[in-house]
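Structure record follows, encoded as C-alpha cells.
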Amino acid sequence: MTILELPLFPSPRVYPLDPPPVLRELQASQPVARVRLYGGTQSWLLTGYETARTVLHDETFSADAGRTGYPQVHPTLTHFTSGMLNHMDGPEHDVYRRMLAPEFIVKRVDKLRPLVASSVEDLIATMLEKEPVVDLVEALSIPLPALVMSALLGVPYSERDYFVQCAETFLGGHSSIEQVMEARTSIQAFLAELVERRRVEPQDDLLSRVVVQYVKPGDLSAQQLVGFAELLLTAGFDTTQNTIALGTLVLLQNPDQLALLKQNPSLVHSAVEEMLRYLTLPHLGRHRVVTRDIEVDGHLLREGDGVIVALNQANRDPAVFSDPDRFDIRRSGQPHLGFGYGPHQCLGAMVARTELRAVFSVLFERIPTLALAVPLDQIRFKHDHAVYGCESLPVTWDRGNTQ
Amino acid sequence: MKVVADTLKCVGAGTCVGIAPDIFDQGDVDGIVKLLEEEPGEDRRAAVQEAVDFCPAQALMLAEKD
C-alpha cells in the first residue's frame with residue numbers, strides 16, 4: 001500500500017459529537033492500523049479499548065516528544081508542553097508527578113467544593129440577569145475553570161481578575177496568535193513573581209506548599225515550578241471549559257437523557273462520566289513512540305515507530321460498551337478512558353469532576369427551559385484544536401421560568 | 001477478601017478514594033494510596049472490585065484470604 005492510500009489522521013467528523021467515521025471503520029476492520037499524518041509521516045493508530053489500556057500502561061511506549069519517531073499529528077500540539085511532566089517517562093516522571101499529586105488528592109480537592117459551587121451559582125445568576133440569547137461558553141464554560149484554577153494555584157483574590165483575563169486570552173481560543181503569545185508571557189511573569197512571593201511568605205496554597213517542600217530544599221527550581229503551574233493551568237482550563245459547553249449540548253441533543261437527569265439529580269455523577277466517555281475531547285488521542293520492537297495484537301511495532309492511541313474511538317468500543325454510540329447517563333460498568341490511562345492519567349481528574357458535577361447538578365435546575373438558540377449546524381466546532389469543543393454555544397430560555 | 005496496593009505503581013490519581021473512601025486514602029505528602037482497611041467486609045466487594053478495575057496504574061489487587 002502506498003502512503004497516499006493510508007487513511008489520514010485526523011479525519012473529518014460527520015456528526016459533530018461522534019468521532020470521525022473512519023475511526024469506527026478502522027476499529028471494526030483494522031484496530032491496529034497504519035495512518036498518514038499531515039506532514040507526510042506515518043504512525044500506528046490504535047482504536048481498541050483493551051489495546052489502548054495495554055499500551056498506555058506499558059513504558060515500552062515513551063511519551064517523550066523529543067524522541068525520533070514521536071507522531072507529529074498537529075503543527076503546534078507539543079509546542080507549549082515539550083519537556084514537561086506529560087512528556088516525561090519512568091522514574092523522572094514519577095518523581096515530579098509525586099510532587100504535585102498531593103495537591104489533587106480527593107481530600108484536598110473536596111475543599112474546593114464550596115468555592116466551585118458558589119462560583120457556579122454566581123455565574124448562572126449573572127447569566128440570568130442578561131437578556132437571552134447568551135453565549136454559554138462566555139458566561140459559564142470559560143470563567144468557571146479560570147476561577148477554579150486561580151484559586152487552586154493560590155492567585156490572591158485581588159489579582160484574580162487580571163489572572164483570569166490573561167488565562168482567557170491565552171487559552172480561551174478566541175484570540176489571535178500575537179494576543180496568545182503576549183498573554184502567555186504575562187502569565188509566566190505573573191507566576192514567576194507569585195512563586196517568589198510565596199517563597200518569602202508561604203500561604204495555604206499549591207504554589208506555597210511545593211515551594212516549601214521542594215523548591216527551598218533544591219529538589220525543584222523556581223523556574224520548573226512556574227512551568228508546572230503553566231502546565232496545570234493549560235491542562236485544567238481548555239478541557240473543563242469545553243466539556244461544560246459540549247456536555248450542555250449533548251444533554252440538549254438527547255432530551256430523554258436530560259429529562260432523566262432532571263427527574264433524578266443523583267444521576268449527575270454517572271451523567272458526567274458518560275459525557276467524558278461519549279465526548280472524549282482530547283480527540284487527537286495520546287501519543288507515544290516505541291522504544292524497542294514489540295508485538296501488539298499480532299503486529300510488529302518497531303523501535304522508533306509512532307503510536308497514536310485514539311481515546312475517543314476506544315471509548316466507543318462495542319466490545320466494552322454496549323450500544324457505544326448512544327449517550328446513556330445511566331451507563332455503568334467499564335471505566336472510560338476520557339482522562340487517559342496509565343502513569344500519565346490526568347492529574348486533575350478530581351478537580352474536573354468537581355466542576356462538572358457542580359455545573360450539571362444546578363444548570364438545568366436553575367434554568368429548566370434552557371435551549372439552543374441556533375440550529376446545530378450553525379455551531380462552530382473546534383475541529384483543529386488539540387481539545388475539541390465549540391467556539392460558542394448560543395442559548396436561550398423562558399424568562400418567566402427560572403429559579 | 002484482602003486488598004493489596006502496590007505503592008510503587010500508584011500514580012496518585014485518587015480514583016479508588018473517589019469510589020471507596022472508607023477503604024482507600026492517599027498520603028498527604030505524595031498522594032500515594034494508603035489502605036484504611038486491608039480486609040474489608042464482603043459487603044464492600046463490589047466497591048473494591050470497581051476500584052481495582054478503575055485504577056489507571058493497575059496498582060490494586062483483590063486477593064482471597066488464605
Side-chain angles (χ1 to χ4, degrees), chain A residues 49-50 52-54 56-59 85-86 88 90-91 93-110 206 209-210 212-214 269-270 272-273 276 286 311 320 332-354 357, chain B:
Chain A
Y49 176 93
E50 281 306 332
R53 293 227 297 186
T54 304
L56 292 177
H57 189 258
D58 184 343
E59 294 216 321
L85 191 59
N86 52 331
M88 289 177 188
H93 167 264
D94 296 348
V95 164
Y96 289 117
R97 176 153 177 141
R98 285 180 184 208
M99 290 182 183
L100 296 173
E103 296 300 324
F104 296 92
I105 64 177
V106 175
K107 276 176 291 189
R108 199 176 287 290
V109 173
D110 273 349
L206 184 153
R209 282 187 291 269
V210 179
V212 170
Q213 195 87 22
Y214 297 107
H269 284 222
S270 60
V272 164
E273 297 308 310
L276 293 161
R286 302 289 90 181
L311 296 178
V320 177
S332 61
Q334 282 291 328
H336 64 76
L337 306 177
F339 289 119
Y341 189 74
H344 290 284
Q345 172 163 301
C346 176
L347 189 58
M350 292 300 161
V351 181
R353 287 186 166 114
T354 303
R357 288 169 186 169
Chain B
M1 176 174 63
K2 193 168 161 36
V3 190
V4 183
D6 185 335
T7 52
L8 290 175
K9 279 187 176 177
C10 176
V11 297
T15 311
C16 54
V17 187
I19 293 167
D22 53 329
I23 297 167
F24 303 99
D25 193 7
Q26 284 168 284
D28 290 329
V29 176
D30 57 8
I32 297 306
V33 63
K34 289 199 295 195
L35 291 176
L36 298 174
E37 184 70 74
E38 287 186 25
E39 296 184 8
E42 273 306 309
D43 57 321
R44 299 299 285 145
R45 179 177 286 272
V48 173
Q49 188 62 54
E50 191 180 339
V52 170
D53 292 343
F54 278 54
C55 173
Q58 300 179 5
L60 297 176
M61 260 178 32
L62 221 177
E64 297 310 321
K65 265 195 293 185
D66 44 29

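In what follows, chains carry the letters A, B, and so on, assigned in the order in which the sequence lines appear, proteins first and then strands, with residues in each chain numbered from 1.
Between chain B and the residues A/His344, A/Gln213, A/His57, the most heavy-atom pairs under 4.5 angstrom are made by A/His57. Of the residues considered (B/Gly27, B/Gly18, B/Ala13, B/Gly12), B/Ala13 shows the highest number of contacts with chain A, using heavy-atom pairs under 4.5 Å. Chain B forms the most heavy-atom pairs under 4.5 Å with one residue out of A/His93, A/Arg53, A/Arg97, A/Gln334, and that residue is A/Arg97.
The shortest non-hydrogen separation linking B/Leu8 to A/Arg98 is O-NH2, 3.4 Å. Minimum interatomic distance between A/Ala101 and B/Val11 (heavy atoms only, all atoms of both residues): CB-O, 4.3 Å. Taking all atoms of both residues into account, the shortest heavy-atom contact from B/Gly31 to A/Ile105 is CA-CG2, 3.5 Å. Heavy-atom minimum distance, B/Asp53 versus A/Pro335: O-CG, 3.7 Å.
A side chain to side chain donor-acceptor pair (under 3.5 Å) check over residues 99-108 of chain A, counting only residues at least two apart or in different chains, returns the pairs A/Glu103-A/Arg209, A/Lys107-B/Asp25, A/Lys107-B/Asp28.
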If you apply the rule side chain to side chain contact (heavy atoms under 4.5 Å, CB included), what do you find for A/Met350 with B/Val17, and how did you get there?
CA-CA 10 Å; A/Met350 292 300 161; B/Val17 187; over 6 Å; no
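Residues satisfying the salt bridge (Lys or Arg N to Asp or Glu O under 4.0 Å) criterion with A/Arg353, sequence neighbours excluded, are A/Glu273.
In this structure, CD in B/Gln58 is found 10.0 Å from CG in A/Asp58, a value given to the nearest 0.5 Å.
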